[in-house]
Participant: 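I'd like to ask some things about the structure below.
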Amino acid sequence: MPTSGRARIKDLLSIERLDDAPNPVSVNGWVKTVRSSGGVSFVQINDGSSLADLQIVVDANCPDYALVDALTTGCSVTAFGVLQESLGRGQRYEIVASSIALLGGADPEEYPLQKKRHTLEFLRELAHLRPRTNTFGAVARVRNAMAFGIHQFFQQRGFLYIQTPIITASDAEGAGAMFRATTLNLDDLPTKGGRVDNDADFFGRPAFLTVSGQLEAEIFAQAMSDVYTFGPTFRAENSNTSRHLAEFWMVEPEVAFCDLDGLAQLAEDFLRSIFAYVLETCPEDMAFFNRFYDKELIKTLEDIANSDFERMTYTEAVRVLEGSGESFEFPVSWGADLQSEHERYLTERKIGRPVIVTDYPSSIKAFYMRLNEDGQTVRALDVLVPRIGEIIGGSQREERLDVLQSRMAEAGLDDAPYWWYLDLRRYGTTPHAGFGLGFERTVQFATGMQNIRDIIAFPRTPRNAEF
RNA sequence: UCCCCGGUAGCUCAGCGGUAGAGCGGGCGGCUGUUAACCGCUAGGUCGUAGGUUCGAAUCCUACCCGGGGAGCCA
């Protein structure tokens with residue numbers, strides 16, 4: 001079946017004037033449902049190009065009419081016919097088939113997807129078939145649009161897209177437990193002096209899957225000024241929540257000659273831009289999510305796209321929380337990190353829109369964040385959004401060699417493996433800043449989906465790596 | 001990893017000490033344009049796994065496995 005003559009359902013359904021239709025047309029897709037009434041059958045198919053299905057009318061005038069009995073939910077078909085105004089209500093156009101053929105059957109006694117709603121938990125066990133459902137098709141299209149929107153945002157601003165390594169020997173301190181990448185035979189480990197002989201491993205040293213491309217992105221920021229990464233990252237944390245994955249995609253811009261205020265502005269512009277982009281480019285899918293998953297979704301995203309983010313320092317946030325009169329499960333005190341309930345109070349109840357919290361205590365943040373003049377806080381930034389909580393974490397980086405070295409010593413880190421990172425401060429150091437955005441969390445927020453496992457096609461979570 | 005809830009027909013669930021039910025889906029048959037079509041009939045389950053209590057366990061107890069919600073960690 002040549003694809004050159006294949007019309008996409010999305011394109012057919014968006015035709016303005018029927019005179020412009022490339023009639024007769026050839027369409028392909030997977031059957032959603034078949035309805036038969038007397039001498040007419042209606043075969044509703046979808047090809048993934050849009051949320052909407054295309055109705056194919058097959059009646060006695062079609063030589064393949066007898067074949068309709070073999071068409072069941074899930075099978076693939078190819079059809080040829082004339083696109084015309086629908087005689088029935090419910091769709092603008094339909095195709096009156098002059099031929100229709102079964103490409104691949106789907107035994108209705110075995111095919112697990114029925115023409116009714118399934119729970120997301122059930123569909124999660126069918127990751128190979130769930131893209132055919134309305135919800136997962138919509139997620140796939142929105143995810144695609146947001147990925148493109150992210151690249152477009154940075155490209156339009158002159159940022160360079162760089163690819164940082166997935167296998168790494170460095171640890172972006174504190175970002176989380178790492179997966180080991182090794183070719184050693186785990187059933188028969190080579191030893192030297194009673195310990196595992198890492199010299200015998202592939203790289204001659206321990207290697208891991210990256211938890212962040214930040215340190216390498218800083219290298220390129222110190223040459224190209226404005227860069228970003230967009231790639232997979234891995235965390236071996238035993239996190240079992242609706243917001244965590246062991247493998248997820250992260251967007252990490254890194255900007256030279258930029259301070260925390262500049263970074264906060266970039267983060268805000270960025271989020272507002274990509275939410276506006278998805279509303280503009282995926283209206284049908286977004287209406288679907290708004291209808292079935294979150295009635296306030298579109299309004300929420302429009303509000304974000306159209307209004308400034310609230311900004312406050314950590315110290316101010318603590319003051320707000322202490323004066324809130326709320327009884328939190330975890331006490332609020334300066335020096336302790338904000339708990340989920342605190343973040344949600346701030347962004348959901350106190351402010352009602354995204355909040356950028358800055359200048360956290362140095363004791364609870366990573367060594368590379370720039371120390372403030374007070375010696376107590378660092379130029380860190382978290383962007384909190386309703387329902388998800390932290391969606392962006394970032395900071396102005398410590399560009400002063402001596403301060404960075406003393407911070408590393410406080411954190412108990414050995415300088416040696418970071419020699420190249422320290423070199424960036426030795427030679428032409430600049431004030432610079434960057435943040436990390438969890439891509440799945442962002443799509444989760446934009447779609448109103450409750451569980452991050454429904455945002456990535458093949459979720460990796462503790463004890464789950466099927467597919 | 002911790003706390004709470006749940007695992008019964010393909011799916012969603014009811015039954016909660018006396019030996020299994022509904023709706024949807026499937027099959028068969030109707031219906032001259034349907035919209036998760038509709039109407040009638042019908043098949044289908046060692047009640048997550050392994051122990052235990054009991055005359056008797058889907059139902060009570062224990063352990064484990066799996067799923068969900070929340071927490072921690074973070075993106």
Side-chain angles (χ1 to χ4, degrees), chain A residues 32-44 52-61 68-69 72-74 86-91 94 96 106-126 133-134 172 174-177 211-214 230-252 267 328-330 337-344 364-366 382-385 388-394 435-445 450-456 461-464 466:
Chain A
K32 277 281 182 67
T33 179
V34 179
R35 297 177 290 268
S36 294
S37 181
V40 194
S41 287
F42 304 90
V43 181
Q44 197 169 314
D53 302 322
L54 179 66
Q55 173 164 292
I56 298 171
V57 183
V58 188
D59 61 22
N61 296 323
V68 171
D69 286 342
T72 55
T73 301
S86 178
L87 298 178
R89 276 182 261 257
Q91 58 283 315
E94 63 191 13
V96 177
D107 184 347
E109 297 205 47
E110 291 180 5
Y111 187 64
L113 297 182
Q114 305 171 359
K115 45 187 175 187
K116 64 168 204 168
R117 277 193 74 171
H118 285 297
T119 60
L120 298 173
E121 292 80 18
F122 174 65
L123 292 173
R124 231 167 267 157
E125 299 168 7
L126 303 171
T133 64
N134 289 337
V211 294
S212 165
Q214 178 199 318
F230 188 172
T233 51
F234 308 86
R235 304 280 167 90
E237 300 287 352
N238 190 11
S239 295
N240 294 284
T241 82
S242 56
R243 308 180 310 282
H244 288 86
L245 293 164
E247 176 181 305
F248 65 99
W249 287 62
M250 191 150 63
V251 179
E252 296 179 284
F328 294 112
E329 185 187 346
F330 293 90
D337 207 353
L338 300 180
Q339 302 292 315
S340 286
E341 57 176 340
H342 305 145
E343 295 180 344
R344 295 186 67 155
I364 58 173
K365 290 292 182 182
D382 281 0
V383 181
L384 312 177
V385 297
I388 305 285
E390 184 180 342
I391 196 169
I392 281 178
F435 65 74
L437 168 104
F439 182 53
E440 282 78 14
R441 283 190 186 175
T442 309
V443 178
Q444 189 182 357
F445 182 74
Q450 299 277 323
N451 197 310
I452 201 164
R453 292 166 187 148
D454 300 326
I455 298 302
I456 193 165
T461 54
R463 309 193 61 80
N464 187 0
E466 190 72 46

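Model, not experiment: these values are computed from the prediction. By convention in this document, chain letters (A, B, ...) are assigned in the order of the sequence lines, proteins followed by strands, and residues within each chain are numbered from 1.
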Participant: Counting just side-chain N and O atoms, does A:R243 come under 4.0 Å of either OP1 or OP2 of B:A71?
Facilitator: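 True: A:R243 side-chain N/O within range (under 4.0 Å) of B:A71 OP1/OP2.
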
Participant: If you compare every side-chain N and O of A:S242 against the phosphate oxygens of B:G68 (OP1, OP2), does one of them come in below 4.0 Å?
Facilitator: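 So the side-chain polar atoms of A:S242 never come under 4.0 Å of the phosphate oxygens OP1 or OP2 of B:G68.
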
Participant: Any strand is fair game: report the nucleotide pairing with B:U19 by Watson-Crick or G-U wobble, both distances under 3.5 Å, or none.
Facilitator: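 With both distances under 3.5 Å required, B:U19 matches none.
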
Participant: Can you tell me if the side-chain N/O atoms of A:S36 get under 4.0 Å from OP1 or OP2 in B:U34?
Facilitator: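 For B:U34, neither OP1 nor OP2 has a side-chain N or O of A:S36 closer than 4.0 Å.
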
Participant: Between A:K115 and A:Y111, which is nearer to the 5' end of RNA chain B once each is assigned its nearest nucleotide?
Facilitator: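 On the 5' side of the pair lies A:Y111.
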
Participant: Is the phosphate of B:U1, meaning OP1 or OP2, less than 4.0 Å from a side-chain N or O of A:S239?
Facilitator: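 Checking B:U1 against A:S239, no side-chain N or O comes under 4.0 Å of OP1 or OP2.
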
Participant: Would you name the heavy atoms of A:V211 and A:M250 that are closest together and state the gap between them?
Facilitator: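 The pair with the smallest heavy-atom distance is O-CE, 3.6 Å.
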
Participant: Look at A:S37 and B:U32 and indicate whether a side-chain polar atom (N or O) is within less than 4.0 Å of OP1 or OP2.
Facilitator: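 No, outside the criterion.
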
Participant: Please indicate yes or no: is the ring centre of A:F248 less than 5.5 Å from the centre of the six-membered base ring of B:A75, with the two planes inclined by under 30 degrees?
Facilitator: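 Stacking between A:F248 and B:A75: present.
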
Participant: Describe the nucleic acid contact of A:T442 in one word from base, sugar-phosphate, nothing, applying a heavy-atom distance below 4.0 Å.
Facilitator: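 Answer is nothing: A:T442 stays at 4.0 Å or more from every strand.
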
Participant: Do the ring centers of A:F330 and A:H342 come within less than 6.0 Å of each other?
Facilitator: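 Ring-ring flag for A:F330/A:H342: false, centres at least 6.0 Å apart.
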
Participant: When you check the phosphate oxygens OP1 and OP2 of B:A37, does a side-chain N or O of A:R35 lie under 4.0 Å from one of them?
Facilitator: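 Yes, such a contact exists.
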
Participant: Counting just side-chain N and O atoms, does A:N451 come under 4.0 Å of either OP1 or OP2 of B:G69?
Facilitator: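 For B:G69, OP1/OP2 do have a side-chain N/O of A:N451 under 4.0 Å.
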
Participant: Could you tell me the Watson-Crick or G-U partner of B:C2, where both distances fall under 3.5 Å? Say none if there is no partner.
Facilitator: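 Looking at the geometry, B:C2 pairs with B:G70.
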
Participant: Please determine if a side-chain N or O atom of A:R117 lies less than 4.0 Å away from the OP1 or OP2 oxygen of B:G25.
Facilitator: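 Result: no.
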
Participant: Taking the same atom, C1', in B:G7 and in B:A58, what whole-Å distance lies between them?
Facilitator: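 Taking atom C1' in both B:G7 and B:A58, they lie 12 Å apart.
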
Participant: Checking contacts here: which listed nucleotide (B:U1, B:G68, B:C24) is nearest the side-chain heavy atoms of A:Q114?
Facilitator: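 Nearest to the side chain of A:Q114 among the choices is B:C24.
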
Participant: Would you kindly compare A:E109 and A:V40 by the position of their nearest RNA chain B nucleotide and give the one closer to the 5′ end?
Facilitator: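 This one resolves to A:E109.
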
Participant: How is A:P112 classified with respect to the nucleic acid when contacts are heavy atoms under 4.0 Å: base, sugar-phosphate, or nothing?
Facilitator: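 Touches nothing.
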
Participant: Under 6.0 Å between ring centres, would you say that holds for A:F439 and A:F230?
Facilitator: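 A:F439 vs A:F230: aromatic centres under 6.0 Å.
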
Participant: In this structure, how many angstroms lie between the P atom of B:G33 and the CZ atom of A:R89, rounded?
Facilitator: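 Distance, rounded to whole Å: 14 Å.
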
Participant: Any strand is fair game: report the nucleotide pairing with B:C38 by Watson-Crick or G-U wobble, both distances under 3.5 Å, or none.
Facilitator: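 B:G30 - that is the nucleotide pairing with B:C38, both distances being under 3.5 Å.
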
Participant: On a whole-Å scale, what distance lies between the P atoms belonging to B:A43 and B:G23?
Facilitator: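 Taking atom P in both B:A43 and B:G23, they lie 14 Å apart.
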
Participant: Could you let me know what B:U54 is paired to, Watson-Crick or G-U wobble, both distances under 3.5 Å, or none if it's on its own?
Facilitator: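 Base partner found: none.
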
Participant: Given B:C66, B:A71, B:A36, identify the nucleotide with an atom nearest to the side chain of A:S340.
Facilitator: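 So the nucleotide nearest the side chain must be B:A71.
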
Participant: Within the 4.0 Å heavy-atom criterion, would you say A:L245 contacts the bases, only the backbone, or no part of the nucleic acid?
Facilitator: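 The residue A:L245 makes base contact.
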
Participant: So A:E329, base contact, sugar-phosphate only, or nothing? Heavy-atom distance under 4.0 Å.
Facilitator: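 Counting heavy atoms under 4.0 Å across all strands, no contact is made by A:E329.
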
Participant: When all nucleic acid strands are considered with a 4.0 Å heavy-atom cut-off, which category describes A:H118: base, sugar-phosphate, or nothing?
Facilitator: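 Answer is sugar-phosphate: A:H118 comes under 4.0 Å of backbone atoms only.
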
